[in-house]
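Since the structure comes first, as structure tokens, the remarks are kept for the end.
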Amino acid sequence: MEAKAFPIDAYFELHLERAPELYEKGLPLGVVMGGYKSHGMNVIFRGETAHSGPTSMDKRRNALVGAAKFISAVNDIGWDYAPIGKSTASRIAVWPNKNGILPDYVETTVDMRHKDQAVTDEMVAKAYAALAEAA
């Protein structure tokens with residue numbers, strides 16, 4: 001039989017995202033009955049490159065410090081809404097990434113989610129407040 005192109009009718013995603021929970025409950029299989037309302041952010045912090053030796057603390061504008069404060073706050077927000085709410089900073093890029101040099105550029109990726117869109121929005125609002133404070 002000749003293969004023919006058909007319009008896509010459905011999409012199935014097969015993976016083991018919930019495998020640890022299924023295993024802990026002794027269940028061989030789980031069926032997804034819904035999804036999380038998620039919000040992603042790509043956040044850039046800008047500071048000023050300087051050498052760590054001669055630059056006094058009051059003159060530093062270390063982008064990594066601001067990013068670290070924000071990433072910590074994102075993690076705390078996830079814990080505030082656990083176990084249903086989740087948040088994480090899953091990626092960080094630093095420039096220049098050198099010993100003894102204060103970075104002027106940091107980029108991080110954040111993911112926040114909850115089953116209820118209104119709660120996800122609340123988590124995101126807290127993340128923006130934490131971002132303002134970290135900056």
Side-chain angles (χ1 to χ4, degrees):
M1 175 181 231
E2 182 181 333
K4 296 181 182 177
F6 294 98
I8 295 174
D9 181 59
Y11 173 81
F12 295 96
E13 180 182 358
L14 179 62
H15 59 94
L16 302 174
E17 185 170 301
R18 308 301 293 191
E21 290 179 33
L22 296 173
Y23 179 78
E24 289 168 4
K25 293 176 181 177
L27 299 172
L29 180 66
V31 177
V32 175
M33 301 301 290
Y36 280 72
K37 310 314 182 216
S38 66
H39 183 88
M41 297 180 194
N42 194 38
V43 183
I44 295 172
F45 293 83
R46 297 216 181 253
E48 188 174 306
T49 301
H51 191 280
S52 63
T55 308
S56 62
M57 293 301 289
D58 64 329
K59 302 284 190 232
R60 294 174 183 220
R61 293 184 61 227
N62 188 336
L64 187 55
V65 172
K69 289 179 179 183
F70 176 66
I71 289 168
S72 180
V74 164
N75 189 64
D76 290 344
I77 292 166
W79 279 106
D80 289 345
Y81 290 87
I84 297 171
K86 298 168 174 125
S87 63
T88 190
S90 57
R91 180 182 168 279
I92 188 167
V94 180
W95 183 261
N97 193 16
K98 296 182 181 249
N99 291 339
I101 303 296
L102 306 177
D104 67 350
Y105 178 91
V106 176
E107 184 175 348
T108 186
T109 302
V110 171
D111 179 280
M112 307 187 100
R113 54 185 68 206
H114 193 281
K115 288 181 180 180
D116 182 337
Q117 182 67 54
V119 177
T120 301
D121 293 344
E122 186 178 311
M123 294 170 69
V124 170
K126 287 185 177 189
Y128 279 115
L131 180 57
E133 190 172 320

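Under a hydrophobic clustering in which Ile, Leu, Val, Met, Phe, Trp and Tyr are joined whenever their side-chain heavy atoms come within less than 4.5 Å, directly or via other members, Met41 and Tyr36 fall into different clusters.
Judged as a salt bridge (charged side-chain N to carboxylate O under 4.0 Å, His left out), and not counting sequence neighbours, the contacts of Asp111 are Arg113. Remark: Asn42 engages Glu107, Thr109 in a side-chain hydrogen bond (donor to acceptor under 3.5 Å, both in side chains) (not counting sequence neighbours).
Grouping Ile, Leu, Val, Met, Phe, Trp and Tyr residues whose side-chain heavy atoms lie under 4.5 Å apart, directly or via other members, places Tyr105 in a hydrophobic cluster with Ile44, Trp95.
Nearest heavy-atom pair, Ile101 versus His51, reported as atom, atom and distance to 0.1 Å: CD1-CD2, 4.0 Å.
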Enumerate donor-acceptor pairs with a distance under 3.5 Å from any side-chain N or O in residues 119-135 to protein atoms, sequence neighbours excluded.
residue : atom : partner : partner atom : Å
Thr120  : OG1  : Lys37   : O            : 2.8
Thr120  : OG1  : His114  : N            : 3.2
Thr120  : OG1  : His114  : O            : 3.3
Thr120  : OG1  : Asp116  : O            : 3.3
Asp121  : OD1  : Gln117  : NE2          : 2.8
Glu122  : OE2  : Tyr81   : OH           : 2.3
Lys126  : NZ   : Tyr81   : OH           : 3.2

Please list every donor-acceptor pair under 3.5 Å in which a side-chain atom of residues 59-67 meets a protein atom from a residue at least two apart or in another chain.
residue : atom : partner : partner atom : Å
Arg60   : NE   : Thr55   : O            : 2.9
Arg60   : NH2  : Ser52   : O            : 2.6
Arg60   : NH2  : Thr55   : O            : 3.0
Asn62   : OD1  : Leu64   : N            : 2.9

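The stretch residues 62-83 participates, sequence neighbours left out, in no salt bridge (Lys or Arg N to Asp or Glu O under 4.0 Å) pair at all.
No side-chain heavy atom of Ser90 sits under 4.5 Å from any side-chain heavy atom of Val110. At least one side-chain heavy atom of Ile92 sits under 4.5 Å from a side-chain heavy atom of Val106.
Sparse packing is recorded around CG of Asn99, with 12 or fewer heavy atoms of other residues, nucleotides or ligands lying under 6.0 Å away.
The CD1 atom of Ile71 sits 11.5 Å away from atom OG of Ser87, with the distance rounded to the nearest 0.5 Å.
No donor-acceptor pair closer than 3.5 Å links the side chain of Ser38 to the backbone N or O of Met112.
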